[in-house]
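Sharing a structure with you now.
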Number of protein chains: 2
Amino acid sequence: MLSFEQFDLQDGSPIYLQIIRHVKQSIVAGSAENGDEMPSRRVLSALLGVNPNTVQKAYRMLEEEGIIESRSGAKSYLVLDAEKVQRIREELLENDVQAIVTALKRMGLSKREAISLVDKLWE
Amino acid sequence: MLSFEQFDLQDGSPIYLQIIRHVKQSIVAGSAENGDEMPSRRVLSALLGVNPNTVQKAYRMLEEEGIIESRSGAKSYLVLDAEKVQRIREELLENDVQAIVTALKRMGLSKREAISLVDKLWE
DNA sequence: TCAACCGTATTATACATATAATACAGTCAC
DNA sequence: GTGACTGTATTATATGTATAATACGGTTGA
């Protein structure tokens with residue numbers, strides 16, 4: 001069962017996107033694998049304290065991306081292979097890290113300062 | 001005059017917040033200083049291809065934060081001192097970098113891998 | 001079998017964001 | 001002073017996000 005224990009709701013970004021990102025991060029981290037069971041829409045919405053429709057929207061988009069499979073009445077499962085995992089890894093790393101690198105550059109930081117900052121904030 | 005040449009509209013985050021962030025990044029980078037003139041609402045909206053009301057919303061929030069001053073009929077100017085600049089710097093760096101560090105950790109990267117990634121994507 | 005789940009769908013409401021079309025009065029350079 | 005530009009404000013419309021309240025039929029395990 002994919003865990004949402006480490007998930008904490010932020011504001012500033014849509015909840016359904018945060019749910020999708022959490023699933024993808026779990027996949028890239030290796031804590032979620034092919035065949036793993038997803039929490040049901042109702043259970044997850046209760047756990048996160050959000051509306052079932054919000055979870056459904058996230059799951060629907062995950063299904064459209066081919067990351068999960070759902071059958072009416074039954075549980076949903078992760079459907080992954082090495083190629084998908086690699087694609088998700090690149091999507092998360094390249095996009096997100098590139099965004100922050102661009103922001104730091106625009107603020108006038110040097111590469112050395114940026115690396116030092118990451119080092120400091122890692123703890 | 002504060003420049004928006006390097007500004008490029010992204011999707012995924014509200015435009016008025018992107019405008020605010022760009023102004024703050026310019027301040028932290030030192031390319032915008034106390035007393036600098038802001039582009040007018042109309043000029044900037046034309047330049048960015050967005051609605052004047054969207055720019056107005058960004059400017060209004062910048063004014064509420066004490067970063068710019070506006071007088072009806074006249075141009076708007078940056079109002080900064082060392083303390084404000086320092087506050088903005090901390091807001092941008094701590095929040096944004098901490099967010100990405102958390103994301104990278106959740107993806108199972110080590111500190112060494114994260115730093116190596118920043119180093120690689122800096123070019 | 002059958003009750004308890006499951007996925008899926010619908011309708012309504014509310015708020016945030018963005019656009020469009022105007023309008024009015026203040027400032028400033030000529 | 002006058003015209004061009006400024007900040008400010010209003011009303012309407014559209015879309016995306018989130019919630020609330022239901023409803024229907026499929027799946028599963030005891």
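Lettering follows sequence order; numbering is per chain, from 1. Since we're looking at a predicted model, the values are computed, not measured.
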For DNA chain C, which nucleotides open and close the run of contacts to chain A, 5' to 3', at under 4.0 angstrom from a non-hydrogen atom?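 Taking any atom under 4.0 Å from a heavy atom of chain A, the span is C:dC6 to C:dT10.
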Please identify each residue that fulfils side-chain hydrogen bond (donor to acceptor under 3.5 Å, both in side chains) with B:S110, with sequence neighbours left out.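 With neighbours one apart ignored, the set is B:E113.
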Using a strict heavy-atom distance below 4.0 Å, which residues from residues 33-52 of chain B are in contact with DNA chain C?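 Hits under 4.0 Å, by residue number: B:R42, B:V50, B:N51.
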By ring pair (Phe, Tyr, Trp, His ring centres under 6.0 Å) - contacts of B:F4 (at least two apart):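 With sequence neighbours excluded, B:F4 shows a ring pair (Phe, Tyr, Trp, His ring centres under 6.0 Å) to B:F7, B:H22, given in chain and number order.
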Any residue meeting side-chain hydrogen bond (donor to acceptor under 3.5 Å, both in side chains) with A:S26, in chain and number order, not counting sequence neighbours: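 With sequence neighbours excluded, A:S26 shows a side-chain hydrogen bond (donor to acceptor under 3.5 Å, both in side chains) to no residue whatsoever.
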Go through the structure and list residues passing side chain to side chain contact (heavy atoms under 4.5 Å, CB included) with B:K105, not counting sequence neighbours.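 Checked B:K105 against side chain to side chain contact (heavy atoms under 4.5 Å, CB included); matches are A:W122, B:V101.
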For A:Q10, give me all partners under side-chain hydrogen bond (donor to acceptor under 3.5 Å, both in side chains), at least two apart in sequence or on another chain.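 side-chain hydrogen bond (donor to acceptor under 3.5 Å, both in side chains) list for A:Q10, sorted by chain: A:D8.
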Which residues pass the side-chain hydrogen bond (donor to acceptor under 3.5 Å, both in side chains) test with A:E33, sequence neighbours left out?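 With sequence neighbours excluded, A:E33 shows a side-chain hydrogen bond (donor to acceptor under 3.5 Å, both in side chains) to no residue whatsoever.
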Nearest-nucleotide pick for B:E63, side chain only, options being D:dA18, D:dT27, D:dT8: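 Of the candidates, D:dT8 comes closest.
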What integer distance in Å separates A:D11:CG from D:dT19:P?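 Interatomic distance, CG of A:D11 to P of D:dT19: 13 Å.
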Under the salt bridge (Lys or Arg N to Asp or Glu O under 4.0 Å) rule, collect the residues that match up with A:K84, sequence neighbours excluded.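 Expected list: none.
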Would you mind reading off the distance between A:I15 atom CD1 and D:dT19 atom C1', rounded to a whole angstrom?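 Going from A:I15 (CD1) to D:dT19 (C1'), I get 10 Å.
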Looking at residues at least two apart in the chain, or sitting in another chain, which of them share a side chain to side chain contact (heavy atoms under 4.5 Å, CB included) with B:S3?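 Partners of B:S3 under the side chain to side chain contact (heavy atoms under 4.5 Å, CB included) test: B:E5.
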Kindly indicate, with the supporting measurements, whether the criterion side chain to side chain donor-acceptor pair (under 3.5 Å) is fulfilled by A:S76 and A:R41. CA-CA 9 Å; A:S76 299; A:R41 276 85 164 154; 2.7 Å; yes
The helix from C:dT1-D:dA30 to C:dC30-D:dG1: angle between end helix axes, five pairs per end, rounded to 10 degrees: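 If I round to tens, the end axes sit 30° apart.
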Just jot down the side chain to side chain contact (heavy atoms under 4.5 Å, CB included) partners of B:S13, sequence neighbours excluded, or say none.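 Here the qualifying residues are B:L17, B:Q18, B:R21.
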